[in-house]
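Structure first, then comments.
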Amino acid sequence: PPFVAEGTAHLPPSVGTLRGKLHADTGVFNRFLTMTNAKLILPNRSAIAASVMFVNRDLIAAISSPAESNALAKIV
């Protein structure tokens, strides 16, 4: 993948828990997904830290959530 975004993904309250069902569904995510405490990892493995990051839903190839938290997400 060209880049990876890691951080806390913010979802609408009506979504509830998405464990095991994370995907870039238009019914779940607005056009842009908001992430806080974010890090953008580039192809050369360098990283850019940001307090807030917006990710275009249409460019998401995969989403994962670490087992220890529903709030954290890795977006590829």
Side-chain angles (χ1 to χ4, degrees):
F3 59 85
V4 174
E6 294 180 340
T8 303
H10 298 272
L11 306 174
S14 60
V15 172
T17 181
L18 290 177
R19 185 173 303 287
K21 296 181 267 183
L22 284 173
H23 57 284
D25 185 335
T26 57
V28 174
F29 296 106
N30 292 321
R31 174 91 177 178
F32 292 94
L33 168 68
T34 305
M35 297 182 78
T36 55
N37 299 319
K39 179 170 56 171
L40 183 66
I41 303 169
L42 303 172
N44 66 2
R45 304 265 189 232
S46 64
I48 301 169
S51 299
V52 176
M53 182 182 302
F54 299 101
V55 178
N56 185 331
R57 179 196 66 222
D58 296 336
L59 301 178
I60 296 173
I63 303 173
S64 66
S65 176
E68 65 273 7
S69 174
N70 280 333
L72 299 177
K74 180 183 281 189
I75 306 219
V76 179

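It should be emphasised that the depicted structure is a prediction, and the values quoted were computed from it without experimental measurement.
The side chain to side chain contact (heavy atoms under 4.5 Å, CB included) with L40 is formed by just one residue from the set M35, E6, M53; it is M53.
Within the 4.5 Å cutoff, the side chain of L33 has no heavy atoms near those of the F54 side chain. Taking 4.5 Å as the limit, some side-chain heavy atom of N56 sits within range of a side-chain heavy atom of R31.
Rounding to the nearest 0.5 Å places CG of D58 at 8.0 Å from CZ of F32.
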